[in-house]
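Since the structure comes first, as structure tokens, the remarks are kept for the end.
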Amino acid sequence: MPELTLLEAIRQGLDEAMAADARVFVFGEDVGRRGGVFRVTEGLLDKYGPLRVIDSPLAESVIVGACIGAAMNDARPIAEIQFADFIYPAFNQIISEAARIRYRSNDDWHVPLVIRAPYGGGIHGALYHSQSIEALFCHVPGLKVVAPATPYDAKALLKASLADPDPVLFLEHKKCYRLIKGQVPDGDYQVEIGKADIKRQGSDLTVLTYGLMLHYSLEAAEVLAGEDIDVEVVDLRTLRPLDTATILASVRKTSKLLIVHEDNLTGGLGGELAAIVAQEAFEQLDAPIMRVCGPDVPAMPYAKPLEEAFLPSPATIADAMRVLAAY
Amino acid sequence: MPELTLLEAIRQGLDEAMAADARVFVFGEDVGRRGGVFRVTEGLLDKYGPLRVIDSPLAESVIVGACIGAAMNDARPIAEIQFADFIYPAFNQIISEAARIRYRSNDDWHVPLVIRAPYGGGIHGALYHSQSIEALFCHVPGLKVVAPATPYDAKALLKASLADPDPVLFLEHKKCYRLIKGQVPDGDYQVEIGKADIKRQGSDLTVLTYGLMLHYSLEAAEVLAGEDIDVEVVDLRTLRPLDTATILASVRKTSKLLIVHEDNLTGGLGGELAAIVAQEAFEQLDAPIMRVCGPDVPAMPYAKPLEEAFLPSPATIADAMRVLAAY
Amino acid sequence: MTITVQARVQNAASHDVDQAMMLEMYRYMLLARALDERMWLLNRSGKAPFVISCQGHEAAQVGAAMALQQGKDFTLPYYRGLATVLVMGMTPREIMLAVLARAEDPSSGGRQMPAHYGHRKLKIVTQSSVVGTQIPHAVGVALAERLRGGDALAWTSFGEGTTSQGDFHEGVNLAAVMKLGVIFQCENNDYAISVPMSVQMAVASVADRAAAYGLPGVKVDGTDVLACYRATRDAAERGRAGDGPTLIEARCLRLTPHSSDDNDRTYRPSEELKAMREGDPVARFRLLLREQGLLDEAAHEQLRLRIAAQVDDATAYAEAAPMAGAGTLLDHVYG
Amino acid sequence: MTITVQARVQNAASHDVDQAMMLEMYRYMLLARALDERMWLLNRSGKAPFVISCQGHEAAQVGAAMALQQGKDFTLPYYRGLATVLVMGMTPREIMLAVLARAEDPSSGGRQMPAHYGHRKLKIVTQSSVVGTQIPHAVGVALAERLRGGDALAWTSFGEGTTSQGDFHEGVNLAAVMKLGVIFQCENNDYAISVPMSVQMAVASVADRAAAYGLPGVKVDGTDVLACYRATRDAAERGRAGDGPTLIEARCLRLTPHSSDDNDRTYRPSEELKAMREGDPVARFRLLLREQGLLDEAAHEQLRLRIAAQVDDATAYAEAAPMAGAGTLLDHVYG
Ligand SMILES: Cc1ncc(C[n+]2csc(CCOP(=O)(O)OP(=O)(O)O)c2C)c(N)n1
Ligand SMILES: Cc1ncc(C[n+]2csc(CCOP(=O)(O)OP(=O)(O)O)c2C)c(N)n1
Ligand SMILES: [Mg+2]
Ligand SMILES: [Mg+2]
């Protein structure tokens with residue numbers, strides 16, 4: 001199996017999907033000649049031509065809105081939002097339209113649409129090229145939200161998203177793009193939407209996380225292993241719908257829960273995770289539920305010391321693990 | 001003290017605020033001649049003239065965007081979004097701009113802006129005139145979110161919102177507009193942003209709620225009183241920033257927590273409330289944290305049986321109270 | 001480029017619209033009017049909590065829809081589109097099922113407010129209440145059509161107030177840039193609820209805006225069904241030939257308050273309301289048909305009775321149909 | 001109404017721009033260019049992770065800003081607005097503090113990427129990276145000005161790609177409807193990152209779009225500083241007199257890649273890049289000044305040295321200034 005970066009795995013997934021289904025097309029800013037500002041769609045224009053790899057005007061609402069229309073006319077659009085931070089002009093189309101069309105039409109019309117959006121920080125992107133946007137979308141019935149952290153998961157979940165009959169927001173962590181490498185099989189293989197993955201088995205406490213923070217949490221767990229603390233690290237992979245079965249089984253086993261995400265603390269996905277566990281696994285909980293999250297400031301600032309202060313690190317995660325383990 | 005409806009209390013607040021400060025103006029669809037589709041701004045055009053009560057074009061992004069600019073040029077704008085369901089086209093201006101301007105300018109520029117939005121269901125409004133939108137905004141640092149449930153609180157919190165140096169989303173429950181009446185003093189009096197209010201003292205369990213669900217929860221609590229179960233009902237009033245002191249004190253006292261909101265369950269404000277309590281008051285909790293919320297469907301449908309099935313009722317809330325009390 | 005379509009047909013025997021088609025147009029207009037009036041009765045009697053009308057827009061809609069291919073072209077009408085969807089194939093029963101929020105309502109199973117039309121088999125695309133969102137959808141429908149090499153058109157309608165929305169701009173612009181087969185029909189009735197057109201734009205005509213996007217802008221008298229038909233037919237030819245989109249502005253009349261929740265006497269001078277009645281597109285077309293000897297009093301009375309029976313049947317059918325049931329609340333959030 | 005402003009001044013002694021002002025314009029253009037070039041050096045040497053240029057836009061910006069009243073009028077420039085903010089009063093030191101993300105950076109205290117200018121005392125309004133959002137803000141600034149009875153203007157700039165955004169449409173439209181004192185300057189450099197203007201619109205000129213909104217649209221050669229000055233001066237007169245907004249399209253050149261993260265050789269033919277250099281607005285104005293005997297070689301060298309010293313000073317000052325400190329991360333979310 002070849003080793004690919006997260007970015008290459010996504011590109012390979014796009015390529016295979018476009019080769020397999022002529023209804024799949026890519027629509028977004030700079031996705032054509034430029035191959036995307038991160039080069040994810042590099043090579044696709046040459047291979048699939050300008051009818052299927054389309055540079056859009058600089059207008060996110062119509063990028064998503066037109067893709068919704070195309071999906072209703074039996075195409076399989078992939079909308080690219082250049083940076084997740086710029087998805088808000090399309091918020092109305094995503095929330096009011098894509099996510100509600102199946103329900104409001106009583107199952108008559110469907111929107112099989114994938115929206116790709118590079119998110120997250122740690123790349124000197126400052127307040128508007130670093131944001132985590134997932135919580136705002138995980139609240140929305142009718143929408144699925146996927147955030148793979150490894151090349152293997154990314155390629156398979158991209159395919160699963162494209163095969164899904166409903167709109168999927170596909171989040172790609174920018175810092176993972178080139179940092180994270182891993183084995184990726186050629187061709188098709190399965191990772192289901194809605195299934196978490198235990199990336200590290202452990203018995204002393206459970207960490208629920210995703211994206212870049214998965215890798216930081218695994219690093220921290222390694223450190224804790226040296227201190228005889230055995231941490232289970234669950235990679236959520238899909239943020240909506242949540243895999244509550246896997247989540248609850250893990251917490252029931254370890255009795256302690258740490259939630260780690262880069263997104264702002266208040267109102268983040270950690271809240272929902274805590275609520276599920278505090279309702280469903282209350283009897284098995286042996287300690288307060290802890291969260292290590294981005295602080296409640298708009299996003300991470302540009303200056304390096306500020307950016308670093310924003311991001312949870314393996315060290316801050318390890319500290320929280322220690323507190324919880326000692327409880 | 002005269003008795004006013006929630007709607008009248010808000011109108012009185014607007015009137016007094018406009019009389020007191022010539023910088024205050026109202027901007028939105030149909031707010032002028034028509035006095036708003038709910039008649040909240042009725043009479044203001046005649047009193048304050050077309051420079052201060054302005055019918056906007058049908059364009060939410062520029063309604064909010066222009067008000068942001070006006071606020072930065074020392075006016076005190078009140079933007080009206082005709083129905084909260086239509087706030088999403090303005091999401092980008094609210095999230096990317098209003099909420100981030102103080103932080104991104106390092107305290108140089110400020111946005112003292114109030115955005116009024118009628119929200120909530122139970123009025124045959126169907127999928128797009130019934131939505132609860134608060135969770136999507138409570139996640140946003142830099143924004144305040146207020147949702148008064150009584151005429152008394154509404155008028156005072158409107159004034160407090162106008163006096164606030166930062167953007168405030170002011171949510172008005174449509175079903176409460178004319179249903180809920182109460183005593184409202186003339187002139188100024190104080191209710192602070194960020195302070196919850198215990199609307200009913202009790203010792204057996206705590207309910208955290210707001211908006212229409214406050215009234216339903218109080219009704220349910222009355223029923224439970226007849227069963228010798230003593231319920232404390234906390235009206236959050238401000239949804240961001242949360243009054244964690246009051247919340248935690250109440251839960252520490254009763255040891256049991258029920259969260260009630262009309263907004264969809266998953267990713268709703270209830271998650272954050274549960275997470276705070278599961279972290280900070282874990283030792284005092286005697287039962288799982290329960291939530292009674294709107295189900296995870298886009299919003300409430302039009303057909304009466306469906307609308308009723310969506311909305312939590314005093315009866316369903318009472319049932320949950322009984323389960324929790326018996327735990 | 002702004003084109004003004006001849007507002008008045010002088011000659012019913014003009015070769016492009018034959019007599020049968022003219023009568024068919026009138027039938028649809030009268031049916032839409034009769035259904036619409038019945039809805040208001042149901043509203044007043046407490047059976048329909050919400051009604052929103054197409055009264056005054058019938059000519060614009062019937063003219064346009066008759067120029068499309070039923071079952072092939074996509075329509076994305078807005079909430080005033082009753083006459084549009086009738087021409088595209090929805091039945092009076094289907095309309096009344098939505099008015100009364102019945103389970104069988106094909107648009108939404110009683111989930112949406114009435115007048116939020118949708119019908120996949122008829123290629124009537126589901127709509128929300130959020131104005132303007134359908135405009136980008138129409139563009140996307142046409143984009144997918146190009147991808148597969150088909151020549152179905154996407155036709156969408158909206159009010160003049162809605163042209164203030166960013167989605168109007170972004171959608172029309174994209175269609176023009178990509179030269180897609182879309183017809184944008186703005187039904188300009190001078191008001192957005194209470195707000196007059198002068199607050200929406202500082203120009204005299206929506207069609208004039210087309211020049212800013214590089215597509216033809218067509219002004220048409222929206223109370224003249226034949227003029228509307230011709231404008232759309234020409235736009236459809238352009239679209240199907242790959243010559244790109246067209247923006248049509250049909251000047252209509254809003255003969256009712258905005259909706260059953262509105263009271264337009266608070267913002268509309270009563271003389272205006274009275275004067276408007278004179279322009280009623282249904283009465284106007286009836287006069288033309290009579291003048292041209294196509295529909296005498298007796299024939300008209302027969303048609304009226306036939307339609308009344310249809311409306312009665314539709315109402316009775318819908319009233320007898322079961323409400324959408326509470327047990328279906330959670331269905332179809334995901335597929 | 002589209003107005004094309006005379007692209008070329010024939011006579012330096014033309015009564016409306018005196019020699020001192022011309023020299024001042026040139027000084028600002030040269031200063032902007034020198035600062036901009038220094039930023040790229042800092043980027044290449046690893047000291048500035050991100051740079052985005054105003055090279056090729058200097059004439060459009062200096063011409064426009066010289067026609068505004070510093071300290072009174074509001075400017076809402078976009079990220080290419082280096083020359084704008086210099087004229088409005090920002091100092092080279094303040095610029096460099098942002099480039100190096102220092103605590104003292106007046107725009108954001110090192111929180112934003114460089115080139116996100118803001119300075120309340122100078123009425124330079126804070127900007128985000130989300131393109132087009134400043135356009136509604138400018139309209140709102142002017143709305144508040146009307147409310148208080150003042151006559152300060154709101155001037156805002158953006159690229160041609162940004163005109164595809166809904167916020168452009170909604171903002172320009174509102175300003176036209178309310179006849180507010182706003183100047184919209186579109187700096188059209190033919191590209192939005194890699195995407196050519198033909199993908200953004202099916203018309204030849206952004207200024208032509210003004211007709212769709214009912215405000216004057218002015219086309220001006222954005223490499224001719226005097227023409228830009230005149231266009232803005234006229235627009236400012238209209239705005240201050242209460243005659244409403246103006247849309248100015250200045251055709252500029254993007255002499256650099258989009259930003260330091262871009263590589264434009266992948267999408268721009270090298271001949272285009274070469275040809276473009278010929279139109280360099282700074283060189284062009286220098287030639288004019290020399291032709292007209294306003295700036296000989298010796299004077300030019302003196303000016304160049306003075307500016308180089310300023311740039312050196314600014315760089316040294318910023319390098320010595322403390323970084324924004326981690327302890328300030330949580331400051332100022334709320335007031
Ligand atoms: C985004 C949005 N904002 C506000 C509304 C509330 N609203 C419903 S219809 C309407 C007026 C529409 O006017 P116009 O587009 O002219 O259509 P008309 O009803 O006159 O045919 C408004 C403001 C809405 N439905 N959607
Ligand atoms: C809403 C939004 N979408 C995408 C981007 C990413 N982006 C930054 S600049 C740019 C191109 C802007 O082009 P134009 O408006 O022509 O200005 P120019 O850079 O050419 O001066 C893009 C796509 C953004 N900043 N904001
Ligand atoms: Mg209208
Ligand atoms: Mg450009």
Side-chain angles (χ1 to χ4, degrees), chain A residues 60-61 85-96 99-100 102-104 106 126-128 131 135-142 240-242 257 259 263-283 285 287-291 295-299 301, chain B residues 60-61 85-96 99-100 102-104 126-128 131 135-142 240-242 257 259 263-283 285 287-291 295-299 301 327:
Chain A
E60 284 75 10
S61 186
D85 315 59
F86 307 139
I87 203 169
Y88 304 128
F91 202 74
N92 186 43
Q93 283 288 351
I94 300 172
I95 306 310
S96 299
R100 300 202 162 143
R102 181 186 288 273
Y103 189 80
R104 80 178 185 219
N106 204 21
L127 300 180
Y128 291 99
Q131 293 171 35
L136 299 172
F137 295 92
C138 289
H139 180 51
V140 180
R240 180 169 188 132
L242 286 166
L257 173 59
I259 296 161
D263 196 0
N264 311 117
L265 175 83
T266 297
L269 187 64
E272 183 59 30
L273 294 167
I276 290 170
V277 170
Q279 173 145 11
E280 302 297 336
F282 177 76
E283 292 291 345
L285 268 184
I289 297 173
M290 284 182 69
R291 290 184 286 174
D296 284 334
V297 305
Chain B
E60 284 75 11
S61 186
D85 315 59
F86 306 139
I87 203 168
Y88 304 128
F91 202 74
N92 186 44
Q93 283 287 350
I94 300 172
I95 305 312
S96 300
R100 303 205 159 141
R102 182 187 287 273
Y103 190 79
R104 81 179 186 218
L127 300 180
Y128 292 98
Q131 293 170 36
L136 299 172
F137 294 92
C138 288
H139 180 52
V140 180
R240 180 168 188 135
L242 286 167
L257 174 58
I259 297 161
D263 196 359
N264 310 117
L265 175 81
T266 297
L269 188 64
E272 183 59 30
L273 294 166
I276 290 170
V277 170
Q279 171 144 15
E280 303 295 336
F282 177 76
E283 291 290 344
L285 268 182
I289 298 173
M290 285 182 71
R291 290 185 285 174
D296 284 334
V297 305
Y327 192 89

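- Across A:P241, A:P295, A:A287, A:S61, the residue that shares the most heavy-atom pairs under 4.5 angstrom with chain B is A:A287.
- Residue A:Y128 touches chain B through its side chain alone, counting heavy-atom pairs closer than 4.5 Å.
- Looking at A:I87, there are no atoms closer than 4.5 Å to chain B (heavy atoms on both sides), in backbone or side chain.
- Comparing B:V297, B:V277, B:L127, B:L273 by heavy-atom pairs within less than 4.5 Å of chain A, the highest count is held by B:V297.
- The candidate from B:P89, B:A135, B:A274, B:C138 with the greatest count of non-hydrogen atom pairs under 4.5 Å with chain A is B:P89.
- In this structure, chain B has a heavy atom under 4.5 Å from the backbone of A:A299, while its side chain stays farther away.
- Counting all heavy atoms, side chain and backbone alike, B:A278 lies closest to A:A278 at CB-CB, 4.1 Å.
- Closest approach of B:G271 to A:A275, counting heavy atoms only: CA-CB, 3.8 Å.
- In this structure, no portion of A:Q93 lies under 4.5 Å from any heavy atom of chain B.
- Rounded to the nearest 0.5 Å, atoms CZ (B:R291) and CD1 (A:I276) are 6.5 Å apart.
- No part of B:E60 comes within reach of chain A, as not one of its non-hydrogen atoms sits under 4.5 angstrom from that chain.
- Rounding to the nearest 0.5 Å gives a distance of 7.0 Å between CD1 of B:I289 and CD1 of A:I289.
- Residue with the most contacts toward chain A among B:D263, B:D85, B:I259, B:V140: B:D263 (heavy-atom pairs, distance under 4.5 Å).
- Comparing A:G270, A:S96, A:G142 by heavy-atom pairs within less than 4.5 Å of chain B, the highest count is held by A:S96.
- Proximity to chain B (any heavy atom under 4.5 Å) is shown, for A:E280, by neither the backbone nor the side chain.
- When every heavy atom of B:Q279 is checked against every heavy atom of A:M290, the shortest pair comes out as OE1-CA, 3.7 Å.
- Contact check for A:T266 versus B:R240: side-chain heavy atoms found under the 4.5 Å cut-off.
- For B:I94, no part sits under 4.5 Å from any heavy atom of chain A, backbone or side chain.
- The shortest heavy-atom contact between A:P141 and B:P298 is CB-N, 3.9 Å.
- Looking at A:L136, A:N92, A:I95 one by one, the single match for side-chain contact (heavy atoms from CB on, under 4.5 Å) with B:F91 turns out to be A:L136.
- From B:H139, atom NE2 reaches atom CG of A:L265 across 9.5 Å, with rounding to the nearest 0.5 Å.
- For A:F282, the part sitting under 4.5 Å from any heavy atom of chain B is the side chain, from C-beta outward, and nothing else.
- Residue A:P301 touches chain B through its side chain alone, counting heavy-atom pairs closer than 4.5 Å.
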